[in-house]
Structures are given as C-alpha cells and as structure tokens.
Q: 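The structure that follows is given in the form of structure tokens.
Naming: A, B, ... by sequence-line order, numbering from 1 per chain.
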Amino acid sequence: MTVVARFAPSPTGFLHIGGARTALFNWLFARHHRGKYLLRIEDTDRQRSTQAAIEAIFDGLHWLGLDPDEPPVFQFARAGRHAEVARDLLAKDRAYRCYATPQELDQMRAKAKAEGRPMRYDGRWRERDPAEAPQGVPPVIRLKAPQQGETLIEDRVQGPVTVANEQLDDMVLLRADGTPTYMLSVVVDDHDMGITHVIRGDDHLTNAFRQAQLYNACDWQMPIFAHIPLIHGPDGAKLSKRHGALGVDAYREMGYLPEAVRNYLLRLGWAHGDAEIISTDEAIAWFDLDAIGRSPARFDFAKLTSLNAHYLREATDEHLVSEILPRLQASAGPVDEMMRERLLRGMASLKARARTLLDLAQSAEFYIRKRPIPLSEKATKLLDAEARARLALLGAAFERCQWHAAELEVAARELAEASGLKLGEVAQPLRAAVTGSTVSPPIFEVLEVLGREEALGRIRDSATQGTSPISAVQ
RNA sequence: GUCCCCAUCGUCUAGAGGCCUAGGACACCAGCCUUUCACGUUGGUAACACGGGUUCGAAUCCCGUUGGGGACGCCA
C-alpha cells in the first residue's frame, strides 16, 4: 500500500507552530514510506477563511521546505460532492432530516448539563414522520449513528481508544443552508483523496470517533489515525502568543533558520535515542509513528535558539551574508561591493558568536559603517585620554606593518610589553575604536578584514592628536 | 458536568521487568582556554507525582488518587 498523508489546515489565521509540526510529521512520514504528502485547505467556513491566511500557509510551508507533492485541494470547491454523499446517506436511510431549531438545541444542552448527562442532541427527529415537519423550517441532515455498543479507534500514537456510542449524538452532516459541515467534508475528502494515514493534533481525537461512524455509514475503509499531542506553553497551559504560538513567519523574522525550526519541532514529542542534531536525511530514515510520545510537550525558546546557533555555524558564509543583507541595509545604510566582501571574510568569526540572524546582523554592522563610526556607551567610556594616547602609538606602529592579523598582533604585543601593559589594555581600546563596541570577533582579524586604510582611519578617529607619546603612556 | 487522553531532571527526552548508582540535550553553576564576547572543553546541581497491588525483582505491568490537557456547535 502506498502511503498518502496530508496536512489540512483551515485558513483562518497564520500557519502556527503546532500546525507546522503536524505538517512536518506528515511530510516525514510520507517521505519515509516513499509515499505522497498532500495539502488540503479547509476553507468551508467562508466567514473566517481569508486569502491572506492561505498565502501565509503556503509561504510558511515553503519556507520550511514542506511544499506538498501535488497542488493543494480547496475544500470549499468540493461542497457539491459533499452534499451528494449526504443525500446518498439519506437515500440509504443512514441519515435523516432534523427540524429542531437552534433554540431547542440550546434547551437540550442546558437540560442535559443540569442533569449531569452528556450534552448531546437527543435524536428527536430520528424516527419521526417527516410529515410532521413544521412549515418553513429548513432541515439539517443528521447521521443515523449507532446507539448501542462502542466505537473503537486503533490510534497509532494513542493506542486503542474506545467510547460508548451513547456518548455520541447524531451529528449534523449538511446544514440548513445545504452546506456541508466539517465532519462530512473531512471524511469525504480524505476518502476521495485516497488518504491512508491521518496524522493530526490530539484535539481531533474525539472527532475521530464520529468520523469512524461516518466511514462505516458510507461503507468506506477507514484511514489509519495518529493523533499527536499538542504543544503547550512553558506554563503547561495552552500555547499563548507570548510563549511561541506565533506564525511561522514570526520565527523567520526573529532570525531563526528553517533547519533549526524543523529540527526543534521534530524533537518535540519524538526522539530517536540520544540523537539531537538530526539532518533531513536522517529524519526521513528514522521517522516513524511508533516513536511519537503520548504526552504534550512544552515549547522552549532556549532550546530552539541553541539549535539555531548550531545551524548558523553550519551555514555557508555566502548564504548568511545574503540573509542578513536586507536587515543591515535597513539599519545601517547601503552596502557596497567592498563592504559585502568584508562581511564575507568576517563571517566565519561572526557566525560563531551569533544565535540568531538578528544577532548576526547586529554584530556585523560595524563592518559596513562609514567613518566616523558610532561608538557604544561602553566603548566611549573605555576610550579615555589614556586609551586614546595608546591608540595613537598603536596606529603609528601599525603604519609600519604588513597588513596581516598575525603581524598586527605581534606589533600590538610588542607595544604593550614596551609600555608595561597587558595586551588587553591595548586591545580593548583598539576594539572600541575599530568596531565601536567592547565585544567583537578577534580584533586583529577584524583589522585585516577591514583593510589598512579603513582600519587606520578608524584608529585615527579615536586617537589623541598631537599628544606626546611619552606622557600619554603614563 | 460528561467523555477521552496524558504523567522520568526547570524544559525536550532515552528507558519497552533485572543492563538504572536512571542516560543524553537545552538551561543553570564552577574550572580550563582566552585581547573582549562567543565557540570548544572538563566537571557539577537536578527527575521516575502519590498510594496500593502483581513479581524473586517495577521508572517499566494492573488498580486507585492527585495533577495537567483535550473534546463536547448548523466552527474547523
């Protein structure tokens, strides 16, 4: 049997992180079994579905590398087919028209709650003669669900789960206006699309019982279900926006790499021994439903960030430069070819220190600043009269150097030694003058990348002019 | 309220009756490295929710308690 999996989001908001994980699991499962991974947009709620949300889902999936294997199916477009199945069921006496009004249903629920019974429709039109139908009330079509026995789901993650059929009521298939409900649409679409495995959030587990009844009523074979636990916030409660319930695009904006997000999501509720850093090929080879945990996982930004730092270090310098370029241009102005070259040469050291693309862009800014470069508060404080005097000496020494990191370092060490100073006492002012900050990649390497003219210029900008070197050292 | 599901360090998890003195990762703390910050590296703190069984033996199986989550729409 060829595996056909699907991701079926409703376009009522962005592609959130939980949805992304569901998509990832479906994608991995399909790849692992050399099957297909499809996308279905569940847009039957015309009020809440938006084009913007549809675009956000496509973009988010694309960014994560989870594009479907076939063009997406739009559920609303299939409403006719859904209604046809409902009429079919009606003809086969497996469904019936119900004329209960919303007010009646409200009363039913209130009464059931007061009596401590399940809040269900009582089936009052199930066997009633349609001739008794009230005038002018458009009926809904309900499934004639079994009333005895129990319904069993052999869930691949949760194991066998059963519910007594008395707990379930006769669900609405077709609304009074003739449009299909979600339950009907999902079952018909999954069947028609040849879906073999339904991998989705735990919140659908109870829906699966009702869907199972529908499959039976249609005499269709049921797909295999796998309900994966939801992602919770750090406090164990529902994931809130503040805690990560954001659109995938928000993670992109925060400077996370898609590889990192995927790796993080994969390890949320799934593990393969002690493996932490998992490549896509490994994930495909190892992924299976059996290893999915049954308990909900809490979202943890710290671990995501740590993974991101790893993938940042693994990324090519070229790629990272192009990733941060737009951000740099926005914050520090246009970037010319020479600056781009500097970024490229400095990237190896820069990326080892960054955790997100945001960090990276910020820490790279000094490479593209025009003189005189802005100094941070700490850098300004560091550059007191004494430090500036040292800089003047250092600049003079550098003038005589071949412009290589190693040689510049020797010159600085010699100067420090001659003045009875520690290297840091010379290097820190130098760093402040050249990068505008007290924190940077190794400073002699920075000097080399920056180039003789620019570096010497920056040193001159901060050095004390016309002060006697002798007095300045003291 | 009714039903369903879940329960190992702070977090993600390994663990499928003896390999467990409970392993790894993130976070945290300390040391080393070092011109700063990182990286790296060495070490450390830290968990089987509780109570009953079953068994020679239980983190692992069963029951209960507690705690958490989810579902109960003519939403999806």
Q: Answer yes if the ring centres of A/Phe225 and A/His227 are under 6.0 angstrom apart, and no otherwise.
A: yes
Q: What contact category does A/Asp169 fall into here, base, sugar-phosphate, or nothing, at under 4.0 angstrom with non-hydrogen atoms?
A: nothing
Q: Just to be sure I understand the rule, does A/Thr44 reach a base, reach only the sugar-phosphate, or reach nothing, if contact means heavy atoms closer than 4.0 Å?
A: sugar-phosphate
Q: Tell me if the centroids of the rings in A/Phe29 and A/His197 come within less than 6.0 Å of each other.
A: yes
Q: Counting only Watson-Crick or G-U wobble pairs whose two distances fall under 3.5 Å, which nucleotide matches B/rU54?
A: none
Q: Check every strand shown and say whether A/Pro442 touches a base, only sugar-phosphate, or nothing at a heavy-atom separation below 4.0 Å.
A: base
Q: Base, sugar-phosphate, or nothing: which does A/Val140 touch, judged by heavy atoms less than 4.0 Å apart?
A: base
Q: Got a donor-acceptor pair under 3.5 Å from the side chain of A/Lys303 to the base of B/rA27?
A: no
Q: Ignoring hydrogens and angles, does a donor from either the side chain of A/Arg294 or the base of B/rC6 sit under 3.5 Å from an acceptor on the other?
A: no
Q: For B/rG1, what is the paired nucleotide under Watson-Crick or G-U wobble rules, both distances under 3.5 Å?
A: B/rC72
Q: Which comes earlier along RNA chain B counting from the 5' end, the contact point of A/Thr162 or that of A/Cys98, where each point is its nearest nucleotide?
A: A/Thr162
Q: Taking the nucleotide of RNA chain B with the nearest heavy atom to each, does A/Pro160 or A/Thr12 sit closer to the 5' end?
A: A/Pro160
Q: Can a donor-acceptor pair under 3.5 Å be found between the side-chain atoms of A/Asp202 and the base atoms of B/rG70?
A: no
Q: Categorize A/Pro441 for me: base, sugar-phosphate, or nothing, with a 4.0 angstrom heavy-atom threshold over every strand shown.
A: base
Q: Indicate, with a heavy-atom threshold strictly under 4.0 Å, whether A/Arg431 touches base, sugar-phosphate, or nothing.
A: base
Q: Between A/Arg413 and B/rU35, does any side-chain N or O lie under 4.0 Å from OP1 or OP2?
A: yes
Q: So which nucleotide does B/rG40 pair with, by the Watson-Crick or G-U wobble rule with both distances under 3.5 Å?
A: B/rC32
Q: Without swapping roles, check the side chain of A/Asp43 against the backbone of A/Ser49 for a donor-acceptor pair under 3.5 Å.
A: no
Q: Aromatic contact between A/Phe25 and A/Phe7, with the criterion being ring centroids under 6.0 Å apart: yes or no?
A: no
Q: With a 4.0 Å limit, can you tell me whether A/Arg109 has a side-chain N or O closer than that to the phosphate oxygens OP1/OP2 of B/rG1?
A: no
Q: Mind checking if A/Ala176 touches a base, just sugar-phosphate, or nothing, with heavy atoms under 4.0 Å?
A: base
